[in-house]
Amino acid sequence: MKAFLSPPYMNGDDERKLVAQAFDSNYIAPCGPMVDALEREAAARFGFDGALATVSGTMALDLLSRALDIKPGDAVIASDLTFIASVAPFVDRGATPIFVDADPATWCMDVSLAARALESHPRVRALIATDLYGQSCDIDALADLCLARGVYLIVDAAESVGATYRGRPAGKGAWAAVHSLNGNKIITSGGGGLLLTDDPDLLALCRKLAGQAREPVPWYEHNRLGTHGRLGNVPAAIGLAQLRHLDEALRDKQRVWDDWLARLPEWATPMPTADYGVPNRWLTVVTLTGRDPLQAVAALAGGGFESRPLWKPMHLQPVFRDAPAFLSGVDDALFAHGLCLPSGRGLTPELMDEAIALLEALPC
Ligand SMILES: *Cc1c(COP(=O)(O)O)cnc(C)c1O
């Protein structure tokens with residue numbers, strides 16, 4: 001493979017040095033100085049009062065579903081165009097997911113459809129809006145809707161680490177936001193996540209639930225069920241070094257985006273940029289007119305380039321075939337025509353030219 005979709009990118013020896021420090025401290029455990037530093041620096045960088053480092057972004061969402069004590073009979077509103085991890089933890093606990101189509105101007109949750117979805121069920125507990133491909137959802141508008149109905153707003157900001165919305169970090173303004181530090185995201189701990197919130201009670205509860213809901217007594221005492229969700233000190237060292245280089249990652253991703261845009265044929269249209277924020281350009285995503293994205297994926301793969309269709313919308317997933325959904329056709333069209341281009345930080349203009357030549361040879 002000449003170019004993966006979104007490979008990890010290490011900053012010289014910095015990650016390795018912090019991992020060595022973690023080894024020297026002998027905190028080869030799900031706690032330690034690297035975890036503490038990662039949580040402290042992430043909260044500061046992303047403008048939240050507190051952060052909890054978790055084994056994955058999915059786990060951070062799972063902890064929120066536990067903190068809300070989601071039960072059968074509850075419902076959650078969620079973006080239809082997303083990765084299944086946004087909703088799987090909530091559905092697993094018995095909630096009915098209600099999916100909401102995307103706004104064509106942002107590819108994130110359509111606010112007016114969300115308003116209708118909120119009225120459609122008597123027990124909506126949370127609204128989980130995804131920041132798609134590094135672009136923030138319209139947090140203020142969604143927060144207003146949620147506030148009026150006593151619904152918790154969660155931003156699945158797994159893909160938008162480092163993005164901003166009206167000058168604020170992604171997810172800020174929600175009850176909680178979740179970042180992913182998975183290997184394919186803009187920064188990585190090899191696998192991990194961050195739960196961000198300004199609510200100290202929520203943070204304390206999630207921290208407790210991530211430690212099997214152990215009570216603060218000398219013996220193992222449990223009043224409720226938790227899980228084992230805390231990030232290890234060794235991966236936290238990788239994540240910490242990556243976090244300290246986030247600005248360079250953002251600069252590189254924007255460079256990759258700009259270089260792609262300078263080369264795209266006129267039948268490939270880049271994802272729109274919302275006027276309310278600055279995306280992190282995690283992936284360069286386009287829609288194709290008159291060309292088949294699956295043929296593009298195959299042609300690129302033949303030349304050593306990894307690419308992919310967009311997320312398959314949740315309302316098309318067999319596992320959610322009975323779920324209610326508020327649809328406008330936007331997600332269907334994006335799935336039918338969208339293509340995620342290889343977007344690694346090290347991707348060179350020369351390789352892009354090679355990939356573009358493969359795309360230009362596609363049949364109309
Ligand atoms: C990556 C991702 C997640 C899950 O994060 P993991 O760290 O891989 O568990 C959740 N939601 C979205 C939208 C994602 O892209």
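Atoms within a ligand are numbered from 1 in the order they appear, just like the ligands themselves.
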Under a 3.5 Å threshold, I'd like every N/O contact between ligand 1 and protein atoms, with atom names and distance.
from	atom 1	to	atom 2	distance (Å)
ligand 1	5 (O)	Ser180	OG	3.3
ligand 1	7 (O)	Gly57	N	2.8
ligand 1	7 (O)	Ser180	OG	2.7
ligand 1	9 (O)	Gly57	N	3.3
ligand 1	9 (O)	Thr58	N	2.8
ligand 1	9 (O)	Thr58	OG1	2.5
ligand 1	11 (N)	Asp156	OD1	3.3
ligand 1	11 (N)	Asp156	OD2	2.7
ligand 1	15 (O)	Glu159	OE2	2.6
ligand 1	15 (O)	Lys185	NZ	3.2

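- The only member of Asp138, Ile139, Val278 that meets side-chain contact (heavy atoms from CB on, under 4.5 Å) when paired with Arg166 is Asp138.
- Using a 30° and 60° split on the angle between ring planes, Trp107 and Tyr133 fall in the perpendicular class, above 60°.
- In this structure, Leu153 is not a member of the same hydrophobic cluster as Leu64, with clusters built from ILVMFWY side-chain heavy atoms closer than 4.5 Å.
- Between Asp110 and Arg116, no side-chain nitrogen of the basic residue sits less than 4.0 Å from a carboxylate oxygen of the acidic one, so the salt-bridge criterion is not met.
- Applying the salt bridge (charged side-chain N to carboxylate O under 4.0 Å, His left out) test to every pair with at least one member in residues 330-345, sequence neighbours left out, gives these pairs: Asp252-Arg345.
- Val234 places a side-chain heavy atom less than 4.5 Å from the side chain of Val19.
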